[in-house]
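Shown next, in C-alpha cells, is the structure this report addresses.
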Amino acid sequence: MTDPILSVRNLNVTYLSSRATLNAVRNVSFDIGREKVAIVGESGSGKSTVGRAVVRLLTPSAKITADRMDFEGKNLLSLSERKMQDVRGRRISMILQDPKYSLNPVVTVGEQVTEAYRVHNKVPHKEAKERALAQLASVQIRDPAHVYDLYPHEVSGGMGQRIMIAMMLIPEPSLIIADEPTSALDVTVKLQVLAILDDLVRDRGIGLMFISHDLNLVQSFCDRVLIMYAGQVVEELRGDELGDAKHDYTKGLLASLPRIGDRRGRLSVLDRKDSWSMPVEKRP
Amino acid sequence: MSMIDVRKLSLDLGEGVRRRQILNDISLSVEAGDSFGLVGESGSGKSTVLRCIAGLYRHWTGEISIDGQTFASADRMGWCRKVQMVFQDPYGSLHPKHKIDTILSEPLRIHGFKDIDRRVSQILTQVGLGPRFRYRFPHQLSGGQRQRVAIARALILEPKILLLDEPTSALDVSIQAEILNLFSDLREQLDLTYLLVSHDLAVIDHMCSNLAVMRSGSVVESLSREQMVHGGATERYTNTLLRASEKYDRELVDELAAAS
Amino acid sequence: MTVDTRQNLTLRQWMTTEEVTNGRQAFVQKVYWGAVGFLQNPLALIGLAVIVVLLLVAAFAPLIATHDPLAQDLGAALQPPSAAHYFGTDELGRDIFSRIVFGSRITLYIVMLVSVIVGPIGMAVGMTAGYFGGWTDKVLMRVTDIFLSFPSLVLALAFAAALGPGLENAVIAIALTAWPPIARLARAETMTIRSSDFIAAATLQGAGSIRILRHYIFPLCLPSVIVRITLNMAGIILTAAGLGFLGLGAQPPAPEWGAMTSAGRRFMLDSWWVVTMPGSAILIVSLAFNLFGDGLRDFLDPRHGR
C-alpha cells in the first residue's frame, strides 16, 4: 500500500436521543492510499455512516470521535466548519446512489458542470464551457455537445452518474467517497461507470472509498475490502482473497449468494451469532 | 399443456405523440410446476409482461391464457384465484394502516371464504412468520418479514401461478437467501408455477429452469438454464449480460466501448 | 409464551409490548403511541384544552351562566365589568358573560354542522375524481374550480341574501364555499395512493372500486382531511362571525358572537367591553382550533414526524 491519503483510527459514531444512545459505528480503523477500498455490509451495518462521518456530514445528533482521522496531514475532526467545507468542496468528493437528487432539475446538466468549473477557476463563461465539454468527454460521454443541453430528467441513470463524476472531478480531489454509486444502474452501465472510477484511481492517483452491499462486485473491483457488521469492521481482506475469508459472517454472506452455474437446491442461510457483535480490539 | 401461454402480446402506452410501444410481440409459455425467468435491464418491459398477465393492464393485444383458459373468456374473480403477484418493494406493497390480519383476511372476505381465522393462521405459519405477527402493523416488521407477508397474501387465495416481480432485489443478500429458499419450498409443497422477473441472472439461474432475455420490449432469446450456463446462448446481448453479471470485467467494458 | 406470563403484564406493558395477541390490543397500542406523541406538543395541548373548555361550557351553559342571556334590564345598560356582571352588560342591559356562554353553543353548532357537511362531500368528490381520473376527474374538478374561484364571504353573502338571513342558511352558505379545498386535497392524496403496489395487489385480489376507495384509500386520506378541516374550523368561525356581523347569520336576539360584536360597535368608544369580550372569544377559539390542528397533523399525518 502507498502512503495513506486518509488514515482513520478507532472511529466511533454515536447517536444521542432522548430515549437511547445508538452506537452506529464502533472503533473502525482503516487507511486509504491510491487504491480502491470497499466497505461492505448489509443495511444498518454502519457502512454509509463511516463515509459520511469522514466528511462530517451527519445529523447534529450524531457524535463523532476518533483517535485519529487524518487526511493529507490535516486532522479532519479539529478543522473549523469553514475549513471543512473547503475540504469537502475541493479535496474529498462524494458520489451518491441516485444522481437525480444531486442535480438541479431546472438547469441543463452542461450549465451545471460549467458553473462548477467557474466556482473553482476564475475564467470567462466561454472558456469554462469548453472545459466542461472536455470534462464530459473524459467520463466517456460520447456526444458531449448534445448532452450539454439536456436537463437532468432527460438523461438516463448511468449518464447522470457520469455527469456527477465529471462535476466532482473539476477541483481535482484526492479522495472520492462513493456510496452505492452503481446500485441503481443496469449491469452493463454499472461496469462502464466502474471503469471510469478505475481509470481515475490508476491514472490520477485518487483514493476511492467504495461503499457497497455487493460482495460479488467488490471482490473483482476493489483492492481491499472491509466487512462491517453491527457498526464494526469484523474482517479486512484483499479483494481477490475474499474467497478465503476467515470470519463466519463473511463466509456466511458469501455462501448465501446465488451464483451462475452453481446449482444448489437451497441457499445457505446466515446463522447470526451474538459473538459477531462483541467489541473488537482497538487499533493503536 | 402449458400453464401460462402468452402469444404475440403487444402493448402501447401514452397518447398522441407520446404514444410508445412498450411490448412488441412477446410470446412465451411456461409448463405447469415450472419456474420461468424473465431477465432484462430497466425499460425492457419485463415487469410490464407480468402486469399484463395479472390483468392490471387490459388494453394489450394478443392472447394470454392460463391453464387452458384465455383472458378474454375468463371472469375477473376466477382469474384472481389462479394468478397472484409479489411485488418488488416490500415497503410499498403493504397498506400502512392495515394490520397483517386485515391484509390477509381481506381477499378471503372478497371471495366469500368461511374459515377465515384458520386460513390466516395457517398461511402465516406456512411463510415462516407464526401467529405472533398477526396483529402487527407493517411498519413494525423488517423488510424480509414484510416480504413474507406479501407472499402470504399472494398465496391465501390458493393460486396456481405466482408472478414474482423482482421479489428480492430490495433485500439484503442474507435475507434474499431466506426468501428464495421459501419460494423453492412453497413451489414444492403447493405445486405452484412461477414467472420470475429479475435483473439478477444469478437469481434467475438459481430459481428457474427456462428463461427469456428481454430488451426494449421484445424477447431477444429464449433458452434453458443449461444452455445459458454452458455457453449455449447464441445472442450477443445475452452473452454480454452474462459476462457483466459475473464480475467487474475490464475487457468487457473495452469491448462495449469499441462496439458502440 | 404461556398464559401465566401474560397475566403478569401491567397495563403499560400491555400497551407497549411487541407481543400483540388480538386486534383490540393493536388498536389500543396505536392510540397509546399517538397520545404519547401528542402530549409532547405543548401548543397543541393548549389548543385542545381550550376546545375542551368550550365543549364543557356549551354543555353546561345553563349552570355556568349567571343571568338569562336574553333578559333585558334597561336600567343596567352598558355597565362595565363588575362582580355582578363579569364581562359587563350591553346596550339592552343583557349580561355579556352569559351571552358568550350561550353563544358557544351557536358557534359549536355552526362548526360541527359545516364540518359534517363539508368532510363527506369534499372527500367523496375528491376521492372519486382522483381514483377514476379521465372524464370523471375533469368534470368534477372544473365544478370544484368554479366554487373555489368565488370569494367565500361573497358567495356566502349571496346565498344568505337569496335564501334569507338565518343560522341554517349561513351554515349552508359556509359549507358551499368550504368543501372545494377538501376535495382538492383528497384528490391529490388519492392520486399518489392510487399508483401504489398495495392498490395493485388489492385489484389483483378482486377488490372492486368501491371497496378500494372505502378500505384502502379512505383511511389514508382521512388524517390529512381531518387536519385540514380542523384548521378550517378557525376560518368557519370567522366567516360565521362575519356573516353575523353583517346581519346575515344568526338573528337577534340570539347571542351569536359575530352578531354581538356587530351590535356593540356603536358603543365601542365609550364601552369597550361590548365589542372586546365576544371579539376575544372568537380570537381565542379560532386560535385554539389552529393550534390543535397543527398538533393533530404532526401525529396523524405519516409524512410528518414518525
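Letters go in sequence order (proteins before strands), and every chain restarts at 1. All heavy atoms count here, side chains included; hydrogens, waters and symmetry mates do not.
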Structural part of B/Leu94 lying under 4.5 Å from a heavy atom of chain C
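Backbone of B/Leu94 only, per the 4.5 Å heavy-atom cut-off to chain C.
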
Kindly give the heavy-atom pair with the smallest separation between B/Cys52 and B/Leu9, and that separation in Å.
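Minimum heavy-atom contact is CB-CD2, 4.0 Å.
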
Heavy atoms only, distances under 4.5 angstrom: which of [options] has the most pairs with chain C? Name it, please.
{"options": "B/Pro107, B/Pro159, B/Ala154", "value": "B/Pro107"}
{"options": "B/His98, B/Arg109, B/His111", "value": "B/His98"}
{"options": "B/Met77, B/Gln84, B/Arg51", "value": "B/Gln84"}
{"options": "B/Lys99, B/Met85, B/Arg153", "value": "B/Arg153"}

Partner set under side-chain contact (heavy atoms from CB on, under 4.5 Å) for C/Phe147, not counting sequence neighbours
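Only C/Val143, C/Leu155, C/Leu176, C/Trp179, C/Pro180 meet the side-chain contact (heavy atoms from CB on, under 4.5 Å) criterion with C/Phe147.
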
For residues B/Tyr194 and B/Phe36, establish whether the separation of their ring centroids is below 6.0 Å.
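No, too far apart.
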
Evaluate whether atom CZ of B/Arg7 has more than 12 neighbouring non-hydrogen atoms of other residues, nucleotides or ligands under 6.0 angstrom away.
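Open: at most 12 neighbouring heavy atoms sit under 6.0 Å from CZ of B/Arg7.
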
Considering only heavy atoms and a distance below 4.5 Å, find which of C/Gly208, C/Ala200, C/Ala202, C/Ser196 pairs most often with chain B.
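It is C/Ala200.
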
Residue list, ring-ring contact (aromatic ring centres under 6.0 Å, His included) with C/Phe289, at least two apart or on another chain
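By the ring-ring contact (aromatic ring centres under 6.0 Å, His included) rule, C/Phe289 matches no residue at all.
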
